[in-house]
Amino acid sequence: MIDRQEHVYVNDRTAGATTLPTEDADQQARQSLLALRQSIDNIDAALIYMLAERFRHTKAVGELKARHNMPPADPAREADQVRRLRDLAGAARLDPDFAEKFLAFIIKEVIRHHEAIARQSGNGAGTNGQA
């Protein structure tokens, strides 16, 4: 009898598992699925904490802008960030279009926060420009 065991691997081109010609192949597949999902859940948690940290910093930027009567947004900064993140996405083998859409969503939310901070500070710095 040949001794076979399942090997689960994830790399930059494929993710999957070899199959076992035994009765417990389904059970092993379920265990592999659970392990992969646990890793995904951990990454999701890290993303949430990183976004929270990012928004703490952008809140400080909004408060600084409001104190100094600066516009809530900065188009030049946004364009630089889009270029930088597209390059990073390419290097990370992530679709640059997806990275740009994700950044646009974040920037829209940041600007909304900056506008609210400006209104609350009473300086009404306007809504033109980027974060």
Side-chain angles (χ1 to χ4, degrees):
M1 180 168 184
I2 298 175
D3 182 29
R4 296 180 188 219
Q5 60 181 354
E6 181 178 29
H7 297 280
V8 176
Y9 58 92
V10 177
N11 65 29
D12 61 344
R13 291 189 296 174
T14 60
T18 60
T19 58
L20 291 176
T22 65
E23 307 82 50
D24 67 342
D26 287 343
Q27 178 62 29
Q28 295 224 2
R30 283 190 290 279
Q31 289 173 346
S32 295
L33 181 61
L34 288 174
L36 289 167
R37 286 180 172 166
Q38 182 61 52
S39 292
I40 290 167
D41 291 351
N42 290 342
I43 293 166
D44 288 346
L47 285 169
I48 294 299
Y49 280 96
M50 292 298 294
L51 283 170
E53 183 68 12
R54 188 185 197 287
F55 276 96
R56 279 189 283 281
H57 288 282
T58 60
K59 180 181 179 190
V61 167
E63 291 167 349
L64 179 69
K65 286 179 174 184
R67 276 195 308 277
H68 295 279
N69 208 22
M70 300 165 123
D74 181 346
R77 165 78 174 157
E78 180 182 345
D80 289 344
Q81 285 295 91
V82 167
R83 278 190 295 278
R84 188 176 75 81
L85 263 61
R86 285 186 69 87
D87 289 345
L88 286 170
R93 298 184 202 152
L94 178 68
D95 179 3
D97 291 336
F98 170 78
E100 185 173 347
K101 289 173 190 172
F102 183 71
L103 178 63
F105 176 78
I106 290 172
I107 289 172
K108 182 179 177 181
E109 188 67 9
V110 167
I111 292 169
R112 190 178 70 76
H113 290 178
H114 288 188
E115 290 169 350
I117 291 167
R119 281 191 306 275
Q120 290 169 356
S121 73
N123 75 15
T127 61
N128 296 329
Q130 300 296 348

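Keep in mind it's a predicted model, so treat the numbers as computed, not measured. Residue numbers start at 1 and run along the sequence shown.
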Chemist: Please name the pair of heavy atoms, one in Pro96 and one in Ala89, separated by the smallest distance, quoted to 0.1 Å.
Modeler: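 Reported closest heavy-atom pair: CA-CB, 3.9 Å.
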Chemist: Kindly indicate whether the side chain of Leu103, heavy atoms from C-beta on, has any atom under 4.5 Å from the side chain of Glu78.
Modeler: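 No - every pair of side-chain heavy atoms lies 4.5 Å or more apart.
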Chemist: In terms of side-chain geometry, is the basic nitrogen of Arg83 or Asp80 positioned less than 4.0 Å from the acidic oxygen of its partner?
Modeler: yes
Chemist: Find the distance between CG (Leu47) and CD1 (Ile40) and round it off to the nearest 0.5 Å.
Modeler: 11.5 Å
Chemist: Enter the distance from Gln31:CD to Asp24:CG here, rounded to the nearest 0.5 Å.
Modeler: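 Separation between the atoms: 8.5 Å.
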Chemist: What heavy-atom pair brings Lys65 and Pro71 nearest, and what distance separates the two atoms?
Modeler: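 Looking at all heavy atoms of both residues, the shortest contact is CD-O, 3.3 Å.
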Chemist: Could you please spell out the steps behind the salt bridge (Lys or Arg N to Asp or Glu O under 4.0 Å) verdict for Arg112 and Glu115?
Modeler: CA-CA 5 Å; Arg112 190 178 70 76; Glu115 290 169 350; over 6 Å; no
Chemist: Can you find a heavy atom in the side chain of Arg67 that is under 4.5 Å from one in the side chain of Leu64?
Modeler: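 A side-chain contact exists here, since the closest heavy-atom pair is under 4.5 Å.
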Chemist: Can you measure from CG (Leu33) to CG (Asp26) and round to the nearest 0.5 angstrom?
Modeler: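 Here the interatomic distance stands at 12.0 Å.
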Chemist: Does some side-chain heavy atom of Asp44 sit less than 4.5 Å from a side-chain heavy atom of Ile48?
Modeler: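 With C-beta onward as the side chain, the pair stays apart.
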Chemist: Taking all atoms of both residues into account, what is the closest heavy-atom pair of Ile117 and Lys59, and its distance?
Modeler: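 Smallest heavy-atom distance, with atoms named: CD1-O, 3.8 Å.
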Chemist: Please report the closest heavy-atom contact between Arg56 and Tyr49, naming both atoms and the distance.
Modeler: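 For Arg56 and Tyr49, the tightest heavy-atom pair comes out as NH2-O, 4.4 Å.
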